[in-house]
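What follows is a short report on a single structure.
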Amino acid sequence: MKFSKKLISWYLQNKRTMPWRETKNPYHIWLSEIILQQTRVAQGLPYYLSFIDTFPTVFDLANANEDDVLKLWQGLGYYSRARNLHITAKYVANELQGVFPSNYKDLLALKGVGDYTASAIASICYDEPVPVVDGNVYRVLSRFFGIKTPINTTAGVREFKELAIELMDHDEPANYNQAIMEFGALQCKPKSPYCIVCPLNDSCEGLKNGWIDTLPVKLKKQKIKKRYFNYLVYSINGKQTILQQRKGNGIWKGLYEFPLIEVEENDRDSIMSNAFFQKMINGHEYKITQYREEPIVHKLSHQHLYTRFYIVNVNKLPALTKEQKIIDFAETHTYPVPILLGNFIEEFFKV
DNA sequence: AACGCGGGGGT
DNA sequence: ACCCCAGCGTT
């Protein structure tokens, strides 16, 4: 039997039930695909349900405030996905009368939709025979065909894409694409795949040569940067605090946070002598206490954030920058914040 | 072509 | 610790 037909056969018997597999509504499929980028099904599923519930149509999403979209996205990470989601919703609602593009090429033009996502939507919604090449597909193909080309190089991306095009099932694009991904997720998984009971184990080059544990080949690991964050949690007359929105292009763009002092070395002197800190407290009576002695270490894929919170008690309003807003304690939890701050707010303000 | 971007789960 | 996850946009 053909490679693709074996996978589809496996898929029809082993696929998990998921809400986005019950529909071909492009709005729902698009939403699920954006949410699932670099995200496990178990983590993304509750977000998918709450987005569908809160924004039943692309018009509802388009008419929302960006802050509300980010708030619903809070905790899912890679927040540019949420901002691009909102941009694309407005584009589809306002420029395309709510009708999504119906082919790979036009889908690719949407913000936040790359090669993978355009292929996924085009194949699932419109039966266009364009192959998806995600992390699962790299693993399945590299093992089955014994391909050692690193997957995160230009040559690797091109080689696997060309192979995927050859293998594409033109009779059932939707089933085939979901089959190879589901197969990679459940059967040909990264560690301890079920080769003994695999329907492809009689012709798998990786298994035959003992390469299962070394495929796919991926070049270098990014090294982790350490950063030292010091948040000033203002308590103004014990009722209000200050939040500011992150600008620029770094992490958490668009999310809110307390006034932040980032230092190179995490010693108390460098924080207290920091120019920004002096400016914030200059001319005001204040009492400052450190929330916890030990920093909270927030681990991201690419950096570790050693974070301290300082409670700054004041009786007068400090001078605010343009980005800063006075917020009632009870309202702090309505702003989209990184999960690191969300946890703190929940604990400290008891909201 | 290389890099930055979250948070969670598995081993 | 380290890897991976239905990747994408920017530089």
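Every chain is numbered from 1 and lettered A, B, ... according to where its sequence line falls, protein lines coming before strand lines.
- No engagement by A/Ile34 is indicated, since no non-hydrogen atom pair under 4.0 Å with the nucleic acid exists.
- Nucleotides C/dC8 and B/dG8, compared at atom P, are 22 Å apart to the nearest Å.
- One interatomic measurement links the two molecules: OH of A/Tyr47 to C1' of B/dG8, which rounds to 10 Å at whole-angstrom precision.
- Among C/dC5, B/dT11, C/dT10, the nucleotide with an atom closest to any side-chain atom of A/Arg40 is C/dC5.
- Contact annotation for A/Thr153: no contact, since no heavy-atom pair falls under 4.0 Å across all strands.
- For A/Gln43 and B/dG8, a side-chain-to-base donor-acceptor distance below 3.5 Å is absent, hydrogens and geometry of angles not being considered.
- Between B/dG7 and A/His298, a contact under 4.0 Å exists linking OP1 or OP2 to a side-chain N or O.
- Within the structure, every side-chain polar atom (N or O) of A/Gln37 is placed at least 4.0 Å from both OP1 and OP2 of C/dG7.
- Here B/dG6 presents its P atom at 16 Å from CD1 of A/Ile35, a figure rounded to the nearest Å.
- Whole-Å rounding puts the A/Tyr78 OH to B/dC5 C1' distance at 5 Å.
- For B/dG7, one of the phosphate oxygens OP1 or OP2 lies less than 4.0 angstrom from a side-chain nitrogen or oxygen of A/Trp252.
- The distance from atom OG1 of A/Thr307 to atom CD of A/Glu262, rounded to the nearest 0.5 Å, is 9.5 Å.
- Candidate nucleotides B/dT11, C/dC5, C/dA6 were compared by shortest atom distance to the side chain of A/Arg139, and C/dC5 ranks first.
- Aromatic pair A/Phe258/A/Tyr310: centroids not less than 6.0 angstrom apart.
- The side chain of A/Gln178 lies closest to C/dA6 when the candidates are C/dC8, C/dA6, C/dC5.
- For the residue pair A/Thr117/A/Gln37, the side-chain donor-acceptor check at 3.5 Å is satisfied.
- When the nearest nucleotides of DNA chain C are assigned to A/Asn249 and A/Lys218 by heavy-atom distance, the more 5′-ward of the two goes with A/Lys218.
- For A/Lys71 and A/Tyr335, the positive end is not near the middle of the six-membered ring at less than 6.0 Å and at most 45° from its axis.
- Comparing the same atom, C1', in C/dA6 and in B/dC3 gives a spacing of 22 Å after rounding to whole Å.
- Closest approach to the A/Ser301 side chain among B/dG4, C/dA6, B/dG7 is made by B/dG7 (side chain taken as heavy atoms from C-beta onward).
- Among the heavy atoms of the strands lying under 4.0 Å from A/Thr39 is at least one base atom, whether or not backbone atoms are also near.
- In this structure, of B/dG6, C/dA6, C/dC5, it is C/dA6 that holds the atom nearest to the side chain of A/Met18.
- The interatomic distance linking A/His302 (NE2) with C/dC2 (C1') rounds to 16 Å, in whole Å.
- Across B/dC5, B/dG6, C/dG7, the shortest atom-to-atom separation from the side chain of A/Gln303 is found for B/dC5.
- Residue whose closest nucleotide on DNA chain B sits further toward the 5' end, between A/Asn152 and A/Pro338: A/Asn152.
- Counting atom types as modelled, A/Arg81 pairs no side-chain N or O with a base atom of C/dA6 as donor and acceptor under 3.5 Å.
- For the residue pair A/Gln245 and A/Glu323, no side-chain donor N or O sits within less than 3.5 Å of a side-chain acceptor on the partner.
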side-chain hydrogen bond (donor to acceptor under 3.5 Å, both in side chains) between A/Gln187 and A/Tyr11, worked out: CA-CA 10 Å; A/Gln187 177 86 15; A/Tyr11 175 65; over 6 Å; no
